[in-house]
Amino acid sequence: MKDNVIYKLSKSFALRIIKLYNYLYNDKKEFVISKQIYRSGTSIGANIAESIYAQSEADYISKLKIALKEASETKYWLELLYESDTLSEEEYNSMNNDVSTIIGTIVNIINKVAKK
């Protein structure tokens with residue numbers, strides 16, 4: 001898994017999400033969206049990890065599509081946190097850039113596999 005780019009990206013992002021959750025929960029006293037973004041943001045990598053040992057190509061694509069949905073949800077929670085002034089523009093841009101990269105990478109992988 002050392003050379004699996006999407007695995008590394010999603011795991012690194014999950015670690016950032018855990019830190020974001022702790023910040024939101026402990027410092028900002030935000031208890032609802034913090035749990036939502038924690039679930040969706042860490043689920044991206046969990047589904048990518050599952051895809052590595054998929055039973056078939058269809059199963060592989062299915063796991064990646066679930067990861068894509070979770071990434072899209074995470075993007076939504078980030079937007080809400082930013083637009084509610086809970087995250088600064090710098091914090092938002094940094095996290096949003098990461099999740100956008102993950103989304104683009106997943107879409108590219110799905111499209112490549114589908115073309116086979």
- Query: Going by heavy atoms in the side chains, are L24 and F31 under 4.5 Å from each other?
  - Reply: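 Not touching, per the 4.5 Å side-chain cut-off.
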
Any E91 side-chain heavy atom under 4.5 Å of Y23 side chain = yes

Closer than 3.5 angstrom, by distance alone: can the side chain of [X] be matched with the main-chain N or O of [Y] as a donor-acceptor pair?
{"X": "E30", "Y": "I33", "result": "yes"}
{"X": "T105", "Y": "T101", "result": "yes"}
{"X": "S43", "Y": "S40", "result": "no"}
{"X": "N93", "Y": "E89", "result": "yes"}
{"X": "K28", "Y": "Y25", "result": "no"}

- Task: Quick one: sort the Y38 and Y21 rings into parallel, tilted or perpendicular, breaks at 30° and 60°.
- Result: tilted

- prompt: Quick check: are there more than 12 heavy atoms from other residues, nucleotides or ligands sitting under 6.0 Å from NZ of K75?
  reply: yes

Cluster link [X] to [Y], ILVMFWY, side chain under 4.5 Å:
{"X": "L68", "Y": "V5", "result": "yes"}
{"X": "L80", "Y": "L87", "result": "yes"}
{"X": "V113", "Y": "I66", "result": "no"}

